[in-house]
Amino acid sequence: VVTFTTIIDGFCKVGKIKEAFMILGVMVKSHCSADLVTYNKFLDALCKSGKISTALKLFYYIKKKGCAPTVYTYTKIVHSLCKHGKIDEACTIFDMMVKNHCSADLVTYNIMLDSLCRAMKFLEACQLIDNISKKRLLPDVYTYTTVIGGLCKAGQIVMVMKMLKDHLAKGCALDIVTWNIVLNALCQQSGSNEAYAFLAYMVCNGFCPNLVTYNTLLNSLCKDGKIQQAIRLFVQMPKNGCNPD
RNA sequence: GCGUGCUAG
């Protein structure tokens, strides 16, 4: 199974789904049946190429066959539905997990949380956060970042700043992406001066700007007509190990 | 051998 699945993965990665299905045919003829990892590869490829309805069909086929989809399978489908704005359908699948005794893990929750925030469904997002703690799942960097990103989207910059401070004090996992999200929100909601000051705050806390950090701030400075400041920032990039792209 | 987050184009 591993050999065939690896080949199938190869075809899927380059978008040759039909060829991958042919390998599946060869596989069956060799009396080797596909397992969930194999199916997950197909689902992945189908989802990535936007063929959600085909993916959903395969998903239901897998279930009908008596294979119990794994957390990975469910999560992929949930993610794909979310990405295409089909949050309600994603919720349906999400709820199906409980019924099928395959409980959602942190990745699944993070994905749902992110999609709810993107759709500005903050009430539902809060309920989801409650469920995460009820299930005694420990939030990770993705969770924190998603929550902070959601608050940014809701225009709650003050609360975001409080939360950042709190997380720093508690030593919660944060990374450069978290900071970049806040930086971007500041650029849009408070202007480039605030954002510029925020960069200094970030560096004070031991985080190193990356290419996205620079691009975000440069974009904002240029939009505000602050070309000199932008140039000053631009020339700092190489010595911080960031080559402009 | 499989799943989640940031800017711009």
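Letters A, B, ... mirror the listed sequences (proteins, then strands); counts begin at 1.
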Item to complete: Would you mind classifying the nucleic acid contact of Asn184(A) as base, sugar-phosphate or nothing, using non-hydrogen atoms under 4.0 angstrom?
Response: sugar-phosphate

Practice prompt. Let me know the distance between CE of Met97(A) and P of G3(B), rounded to the nearest Å.
Written response: 15 Å

Worksheet entry | From CA spacing to verdict: ring pair (Phe, Tyr, Trp, His ring centres under 6.0 Å), Tyr74(A), Phe59(A) | CA-CA 9 Å; Tyr74(A) 279 110; Phe59(A) 174 75; 5.4 Å; yes

Practice prompt. Calculate the interatomic distance between Lys153(A) atom NZ and C6(B) atom P; express it in whole Å.
Written response: 12 Å

Discussion item. I need the CG-P distance between Leu199(A) and C6(B), as an integer number of Å.
Written reply: 20 Å

Worksheet item: Parallel under 30°, tilted from 30 to 60°, perpendicular over 60°: which one fits the rings of Trp179(A) and Phe207(A)?
Response: tilted

Worksheet item: Which of the following nucleotides, C2(B), G5(B), U7(B), is nearest to the side chain of Lys76(A)?
Response: C2(B)

Practice prompt. Examine the base of G1(B) for any acceptor or donor lying under 3.5 Å from a partner atom in the side chain of Thr6(A), and report the outcome as yes or no.
Written response: no

Worksheet item: Which is true for Thr5(A) with a 4.0 Å heavy-atom rule: it touches a base, it touches only sugar-phosphate, or it touches nothing?
Response: base

Response to the item:
Ile181(A) atom CD1 is separated from A8(B) atom P, nearest whole Å, by 12 Å

Discussion item. Nearest whole Å is fine: how far is A8(B) C1' from Leu218(A) CG?
Written reply: 10 Å

Fill in: Nearest-Å distance for atom pair CG/P, residues Asp9(A) and G1(B)
11 Å

Discussion item. Looking only at the side chain of Asp140(A) (C-beta and beyond, no hydrogens), which of the listed nucleotides G5(B), U4(B), C2(B) gets closest?
Written reply: U4(B)

Practice prompt. Step through it carefully: locate the ring centre of Tyr142(A), locate the ring centre of Tyr109(A), and say whether they are under 6.0 Å apart.
Written response: no

Discussion item. So, OP1 or OP2 of U4(B): does either fall under 4.0 Å of a side-chain N or O from Arg118(A)?
Written reply: no

Item to complete: Could you tell me whether Val71(A) contacts a base, only the sugar-phosphate backbone, or nothing, with contacts defined as non-hydrogen atoms closer than 4.0 Å?
Response: base

Worksheet item: Any side-chain donor paired with an acceptor under 3.5 Å for Thr73(A) and Thr70(A)?
Response: yes

Worksheet item: How is Asp245(A) classified with respect to the nucleic acid when contacts are heavy atoms under 4.0 Å: base, sugar-phosphate, or nothing?
Response: nothing

Discussion item. How many whole angstroms separate atom CE of Met27(A) from atom C1' of G1(B)?
Written reply: 11 Å

Worksheet item: Base, sugar-phosphate alone, or nothing: which one does Thr143(A) contact when heavy atoms must sit under 4.0 Å apart?
Response: nothing

Discussion item. Among residues at least two apart in sequence or on other chains, which ones pass side-chain hydrogen bond (donor to acceptor under 3.5 Å, both in side chains) with Thr38(A)?
Written reply: Thr5(A), Asp35(A)

Item to complete: Starting from the C-alpha separation in whole Å, work towards a yes-or-no answer on side chain to side chain donor-acceptor pair (under 3.5 Å) for Asp140(A) and Thr143(A).
Response: CA-CA 5 Å; Asp140(A) 63 3; Thr143(A) 322; 2.8 Å; yes

Worksheet item: Any idea which of C2(B), A8(B), G5(B) is nearest the Asn219(A) side chain?
Response: A8(B)

Practice prompt. Name every residue in residues 32-51 of chain A that has at least one heavy atom under 4.0 Å from any atom of RNA chain B, in order of residue number, or write none if there are no such residues.
Written response: Asp35(A), Val37(A), Thr38(A), Asn40(A), Lys41(A)

Discussion item. Suppose the criterion is salt bridge (charged side-chain N to carboxylate O under 4.0 Å, His left out): which pairs have a residue in residues 142-170 of chain A, not counting sequence neighbours?
Written reply: Asp166(A)-Lys170(A)

Discussion item. So for atom CZ, which belongs to Phe21(A), do other residues, nucleotides or ligands contribute more than 12 heavy atoms lying within a distance under 6.0 Å?
Written reply: yes

Item to complete: Write down the distance between CD1 (Ile148(A)) and P (U4(B)), rounded to a whole number of angstrom.
Response: 21 Å

Worksheet item: When we call it a touch if two heavy atoms are under 4.0 Å apart, what does Thr178(A) touch: a base, just sugar-phosphate, or nothing?
Response: base

Discussion item. Side chain of Thr216(A), heavy atoms from C-beta onward: which of C6(B), G3(B), U7(B) has the nearest atom to it?
Written reply: U7(B)

